[in-house]
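Presented below is the structure to which this report refers.
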Amino acid sequence: MSFPTAASPPAASEAGTLHHDDGDSYNVNDDDASFDAIRLDDEGFPSQQLPIESPSPNGSEKSSFAADFYRCGSDCSSLLTPERDSLSSGKKLKQANLFQIWGFKRNVEFESPNQGGYCDVVGEGSVSSEKKSVKRGNWGSILRDTGKVVENSKSTGKRKSFHGEKRVTRSCPFYKKMPGTNFTVDAFRYGCVEECSAYFLSHFHADHYGGLSKKWSHGPIYCSPLTGRLVQMCLYVNPSYICPLEFDTEYVIDGIKVTLIDANHCPGAALIHFELPNGQCYLHTGDFRACKLMQDYHLFVNKRVNVLYLDTTYCNPKYKFPSKDDVLNYVVKITNNHLKKYPRTLVVVGAYSIGKECVYLAISKALGVKIHVNASRRRILLAYDCPDYSDRLCTNGNNTLLHVLPMSSLRIETLKEYLKTYKEQFTSVLAFRPTGWTFSEKIGNDLALIKPVSNGNITTYGVPYSEHSSFTELRDFVQFLRPDKIIPTVNVGNAANREKMQSYFRDWLKG
DNA sequence: GCGATCAGAT
DNA sequence: CACATCTGATCGC
């Protein structure tokens, strides 16, 4: 394999240029990039004649940005005119299909009829949003219950029949392909994406890295150094595919200038800024929480972002939540009050894999206590390579009142069982469940309205510690950037949502 | 048998 | 509600 390796860091030695030497199993002809054929017009959809899948029967549907753009239902490569497509395929070198080489029969011919556009129907052969169906993350047991497992005998319903169809490899949605480049972002679940010479990973969450495993062989993976370490140690991806890019550093990859910027999401998460040779700039936010600080970033100040690929998780005015700092102060305050009242309290913070560490870090700092985590979470936190975490960890749960547990362990019954294992020292539990949003529109910014759930000596607080932008943060960010067009990447699974989001965008950018 | 991926649950 | 994951089932190698 001849991809840049982690052992030979990119850029410096080659005057800021990364090369993919054509290896024997992965050849890309730079001069014939198929994504390159796509030009977005000023409404944001590909400007060439599109094969419209199902034109409005009576023609009455209003032609709007959203309607036209999403109706195209096509990924970039499928938008090529047949002439050009066949012309180019005569010259270009394709990656050999390793499955075929090994005598297996997985073939792109079996791909879904949906060509990677947005799709309204969730189900067979459809592409819904980012958030559906990703591989099981089984790297370690940080998410496994540590206490007695509460029985849940309710079996999940039987699997829907596939009507005898072959299992299908979905094709990569257009909004994961960067036009004019051979790059994709967070597109690992689609096997080998045709023409893709570089696969970017915005951050280490399962719904974005889905498809990555030790068998990955489709091309180099560009990501932040931390994300790269996690990909290697948790998913066992061959390190020769992992190409770490430092934050705030411009790299030239296949002739495109690429810069990663801190996304204010989980550790290692990046905004990805692309600058094409023609001067066009794209910003892919991955998942992010917009903040004022980002508005000082030199790239955003000095260069207009033409296309913004936007994390629209909370793109609705009903999503209001406090700043991270407000939530952290609140959590510390509740903890202090609770400990005053019940000195023998075990404080538990729920967590998934990566992200929301600040909640327990804040308690640890404020109270001067260590953080107990199990071995696999410890391994992850040590990979952050940050003394803030490593110096505070504590293996023995008896030695600190602050424990981190998998989110699934925060049920009252599970916590009761957990408390029993520490009954010599603790007599009650105070648990925090950091969630994206508080579920109640009424709470909004007002933390004082949060009501704990209590049962005997167990008390649980759901706190709105969000690592996605609120509606107003999103609006402020967009109004600051003033991109020519915005392509939402979340909640795109239904047309009404998309239409609604586009109308917010229009509203924000008018005048 | 095992890894990948689905629907549904949490 | 949403997030981000877990669970059990099933498929295909």
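So that the names make sense, note that chain A is the first sequence line, chain B the second, and so on, each numbered from 1. Note that the structure is a prediction, hence the values are computed from the model and not measured.
- Residue Trp216(A) contributes atom CH2, which lies 16 Å from atom C1' of dG3(B) at whole-angstrom precision.
- If you check dT5(C), dA4(B), dA2(C) against the side chain of Tyr319(A), the one that comes closest is dA2(C).
- The residue among Glu467(A) and Lys318(A) whose nearest nucleotide of DNA chain C lies closer to the 5′ end is Lys318(A).
- Atom OH of Tyr465(A) and atom P of dA4(C) are 13 Å apart (whole Å).
- Computed from coordinates, the Leu474(A) CG to dA2(C) P distance equals 16 Å when rounded to whole Å.
- Proximity of a side-chain donor or acceptor of Arg229(A) to a complementary backbone N or O of Ala383(A) within less than 3.5 Å is detected.
- Distance from the side chain of His265(A) is smallest to dA4(C) among dT10(B), dA4(B), dA4(C).
- With rounding to whole Å, Asn494(A) atom CG is found 14 Å from dC1(C) atom P.
- Of the candidate nucleotides dT10(B), dG3(B), dC6(B), dT10(B) has the atom nearest to the side chain of Arg411(A).
- Protein atom NZ of Lys356(A) is 12 Å distant from nucleotide atom C1' of dT5(C), rounded to whole Å.
- Counting only residues at least two apart or in different chains, salt bridge (charged side-chain N to carboxylate O under 4.0 Å, His left out) contacts with residues 450-463 of chain A are absent.
- Of the candidates His265(A), Arg289(A), His468(A), Asp311(A) forms a side-chain hydrogen bond (donor to acceptor under 3.5 Å, both in side chains) with just one, namely His468(A).
- With rounding to whole Å, Tyr236(A) atom OH is found 11 Å from dG3(B) atom P.
- Checking the phosphate oxygens (OP1, OP2) of dA2(C), no side-chain nitrogen or oxygen of Arg433(A) falls inside 4.0 Å.
- At distances below 3.5 Å, at least one donor-acceptor pair connects side-chain atoms of Ser224(A) with backbone N or O atoms of Gly268(A).
- Rounding to whole angstrom units, OH of residue Tyr314(A) and P of dA2(C) are separated by 9 Å.
- Between Asp507(A) and Arg475(A) there is no salt bridge, since no side-chain N of the basic residue sits under 4.0 Å from a carboxylate O of the acidic one.
- Side-chain proximity of Asp287(A) to the nucleotides dA4(B), dA2(C), dA4(C) is greatest for dA4(C).
- Contact annotation: Ser353(A) does not reach the phosphate of dA4(C) (side-chain N/O to OP1 or OP2, under 4.0 Å).
- Between the CG atom of Leu230(A) and the C1' atom of dA4(C) there is a distance of 16 Å, given to the nearest Å.
- The nucleotide whose nearest atom lies closest to any side-chain atom of Asp207(A) is, among dA2(C), dA4(B), dA4(C), dA4(C).
- Here His468(A) reaches the OP1 or OP2 of dA4(C): one of its side-chain N or O atoms lies under 4.0 Å away.
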